[in-house]
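The first residue in the sequence is number 1, and the count goes up from there.
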Amino acid sequence: MAFSFACPSALEITVFVEDTDAYEVLYHNNYAKYALRGIWAALGGGSGAHAVASALLEESSSLVNTTILVQRFLVGAILGARLAVNVTLTEVDDEFITAYVNITGTGESAKTIYTDILLRIACEDDMGPCPLPGTIVENANKCTGDLPAFMNAMMGLRFPHAQGPNLSCVAGPRARQKCYNLPFYVQPDECDDAGTNFLSNRSVVNFFERGRNLIDADTGKSLLGRLKDEGQLIVVARFDKVEFGQRPHRVGPGAKVEVRTAISLLNGKKQLMHHQSLWLISRDGTGEAGRDDALLASGFVLCACVNRGEMKPMPIVSWWEDMTSAFCGMST
């Protein structure tokens, strides 16, 4: 029996070029962006996103994605594809909303599932978390439903984080010594409201992507680029428990942050589990990592190693494991 979505009409979206990567495939972080568009449409009732924006403006608040509980990536949508964003709100109260979003094709491709995502959104003002506007809660209650059984099963399936020398990338300065650490500076376009506010939660996943772009210390070249030249690609397969910090820890343009990554090889070295975290080093862009660093976000990213031609799983090449042994856990 097919699952019935609580929101009767799906939001249809066309994949445009600015949302794709070099292979003209929809960049994985943009599925969450499309999911939020669908949620806003559902929360606005018949008036769509404008009704949500008006309700938030009256309260001087904003909706933020606080957690990606779980997300699986099945098929990559290509440039020009027409997608349907189907929404069911599985939990609704005055403080947060949990939404299950299923993104499929349309027309003849309606049975193609691109991604399933379960995420939680909340309301914040300048002081921090605040109650959701009443009209948003009222509209949300019209779109409530149960979570599909297979998503419940996925929630119960927790992958092991980094093993061996890597205990965790969120346990403070000692754990940092067992991680791959890359510093970055927050840019204006990575913040809400064109840089006048704080680092956008959506940008955090982009920082995680950069943190997985391992660099050869001797040549300065990307290990991912070397893999691609040798016919292998590393593709994102799943997010698990990606948690974003609350507003008091938000940072603005110019802040220095650091992405810390610990890795485990799984499934005969065909999968890479990344335990990643984003830390605030300093708000003014100075200083080095230390005991006063503030955790901004953390989560697990499961990637698959595939051959470039047929996109079939294959073990990671041996030199990659050798070069990453300092922060790569034992194989399982």
The complete set of ring pair (Phe, Tyr, Trp, His ring centres under 6.0 Å) pairs with one or both residues in residues 202-221, sequence neighbours excluded, reads F184-F207

May I ask you to test the D216-L223 pair for a side-chain heavy-atom distance under 4.5 Å?
yes

May I have all residue pairs that pass salt bridge (charged side-chain N to carboxylate O under 4.0 Å, His left out) and include part of residues 33-56, sequence neighbours excluded?
D19-K33

Quick one, L83 with V15, criterion side chain to side chain contact (heavy atoms under 4.5 Å, CB included). Give me CA distance, side-chain angles, the key distance, then yes/no.
CA-CA 8 Å; L83 308 181; V15 177; 3.7 Å; yes

Does anything in residues 60-76 pair up under salt bridge (charged side-chain N to carboxylate O under 4.0 Å, His left out), and if so which pairs, sequence neighbours excluded?
R72-D116

Check the pair V235 / M311 against side chain to side chain contact (heavy atoms under 4.5 Å, CB included), numbers first and verdict last.
CA-CA 9 Å; V235 297; M311 299 297 287; 4.1 Å; yes

If hydrophobic clusters are built from ILVMFWY residues whose side chains come within less than 4.5 Å, do L36 and L56 share one?
yes

For E138, the salt bridge (Lys or Arg N to Asp or Glu O under 4.0 Å) test, sequence neighbours excluded, returns none

Nearest non-hydrogen partners of L119 and A35, listed with the distance:
CD2-CB, 4.3 Å

Rounded to the nearest 0.5 Å, what separation is found between the CG atom of L11 and the CD1 atom of I39?
11.0 Å

If you look only at pairs with a residue in residues 215-239, which of them pass as a ring pair (Phe, Tyr, Trp, His ring centres under 6.0 Å), with sequence neighbours excluded?
H28-F239, F73-F239

Nearest non-hydrogen partners of G38 and V85, listed with the distance
CA-CG1, 3.9 Å

Given C179 and T261, is the side chain to side chain contact (heavy atoms under 4.5 Å, CB included) satisfied, shown in steps?
CA-CA 5 Å; C179 295; T261 304; 5.8 Å; no

For R210, give me all partners under salt bridge (Lys or Arg N to Asp or Glu O under 4.0 Å), at least two apart in sequence or on another chain.
E190

Each residue besides F16 in its hydrophobic cluster should be listed here, by chain and number; the cluster joins Ile, Leu, Val, Met, Phe, Trp and Tyr at side-chain heavy-atom distances under 4.5 Å.
none

Counting C-beta onward and ignoring hydrogens, is there a side-chain heavy-atom pair between C191 and S200 closer than 4.5 Å?
no

Salt bridge (Lys or Arg N to Asp or Glu O under 4.0 Å) involving R226 - partner list, sequence neighbours excluded
E230

Taking all atoms of both residues into account, what is the closest heavy-atom pair of P183 and N181, and its distance?
CD-O, 4.2 Å

V101 vs N86 side-chain heavy atoms within contact, under 4.5 Å
no

From OH (Y185) to CD1 (I281), nearest 0.5 Å:
10.0 Å

With sequence neighbours excluded, residues passing salt bridge (Lys or Arg N to Asp or Glu O under 4.0 Å) with E95:
none

Under the side-chain hydrogen bond (donor to acceptor under 3.5 Å, both in side chains) rule, what do Q276 and R212 come out as? Steps first, then yes or no, please.
CA-CA 9 Å; Q276 296 192 273; R212 297 194 298 276; 2.9 Å; yes

When you measure from the side chain of K256 to the backbone N and O of G287, does any donor-acceptor pair fall under 3.5 Å?
yes

Indicate whether any N or O donor in one side chain lies under 3.5 Å from an N or O acceptor in the other, for R238 and Q71.
no

Residue pairs meeting salt bridge (charged side-chain N to carboxylate O under 4.0 Å, His left out), one or both in residues 75-91, sequence neighbours left out, come to E12-R82, E91-R120

Are W320 and L233 connected in the hydrophobic side-chain network, where two residues link if heavy atoms are under 4.5 Å apart?
no

Which residues satisfy the side chain to side chain donor-acceptor pair (under 3.5 Å) test with R202, sequence neighbours excluded?
none

We want to know whether E124 and S62 form a side-chain donor-acceptor pair, criterion being a heavy-atom distance below 3.5 angstrom.
no

So, the side chain of N267 versus the backbone of K270: is there a donor-acceptor pair under 3.5 Å, distance only?
no

Could you check V204, T67, L199 and say which one makes a side chain to side chain contact (heavy atoms under 4.5 Å, CB included) with F244?
V204

When you look at CG of L74, are more than 12 heavy atoms from neighbouring residues, nucleotides or ligands closer to it than 6.0 Å?
yes

Are the side chain of E24 and the backbone of G80 linked by a donor-acceptor contact shorter than 3.5 Å?
no

Taken to the nearest 0.5 Å, the spacing of Q271 CD from S264 OG works out to 11.5 Å

When rounded to the nearest 0.5 angstrom, what is the spacing between CG in N102 and OG1 in T88?
9.0 Å

Do the side-chain N and O atoms of S60 and D125 include a donor-acceptor pair separated by under 3.5 angstrom?
no

I'd like to check V52 versus L63 (side-chain heavy atoms, cut-off strictly below 4.5 Å). Are they in contact?
yes

Can a donor-acceptor pair be found between the side chains of S277 and W279 at a distance below 3.5 Å?
yes

G44 and N139: which non-hydrogen atoms are nearest, and at how many Å?
C-ND2, 3.7 Å

What pair of heavy atoms forms the shortest contact from N65 to N201, and how long is it?
O-ND2, 2.7 Å

With no hydrogens and no angle check, is any side-chain donor or acceptor of S54 less than 3.5 Å from a backbone partner on H50?
yes

Show, in sequence, the C-alpha distance, side-chain angles and deciding distance for D293 and R260, and conclude whether the salt bridge (Lys or Arg N to Asp or Glu O under 4.0 Å) test is met.
CA-CA 12 Å; D293 302 343; R260 302 175 186 173; 2.7 Å; yes

Straight-line distance of I263 CD1 to H274 NE2, nearest 0.5 Å:
4.5 Å

Those residues at least two apart in sequence (or on a different chain) that pass side chain to side chain donor-acceptor pair (under 3.5 Å) with N29 are N206

Neighbour count >12 (heavy atoms, 6.0 Å) for atom CD, E108:
no

ILVMFWY cluster, W319 and I234 together (side-chain gap under 4.5 Å):
yes

Can Y27 be reached from L224 by stepping across I, L, V, M, F, W or Y side chains whose heavy atoms are under 4.5 Å apart?
no

Rounded to the nearest 0.5 angstrom, the CD1-CG distance for I316 and L272 is 5.5 Å

For the residue pair V186 and V257, establish whether any side-chain heavy-atom pair is separated by less than 4.5 Å.
yes

Indicate yes or no for a side-chain donor-acceptor contact from S282 to the backbone of T286 under 3.5 Å, with no hydrogens or angles considered.
yes

If Ile, Leu, Val, Met, Phe, Trp and Tyr residues are connected whenever their side-chain heavy atoms lie under 4.5 Å apart, and connections chain through other members, are L147 and V70 in the same group?
yes

Is it the case that the side chain of T219 and the backbone of K221 share a donor-acceptor pair, with hydrogens and angles ignored and the cut-off at 3.5 Å?
yes

Please name the pair of heavy atoms, one in S222 and one in N213, separated by the smallest distance, quoted to 0.1 Å.
OG-OD1, 2.5 Å

Check step by step if side chain to side chain contact (heavy atoms under 4.5 Å, CB included) holds for L266 and L302.
CA-CA 9 Å; L266 308 174; L302 179 69; 4.2 Å; yes

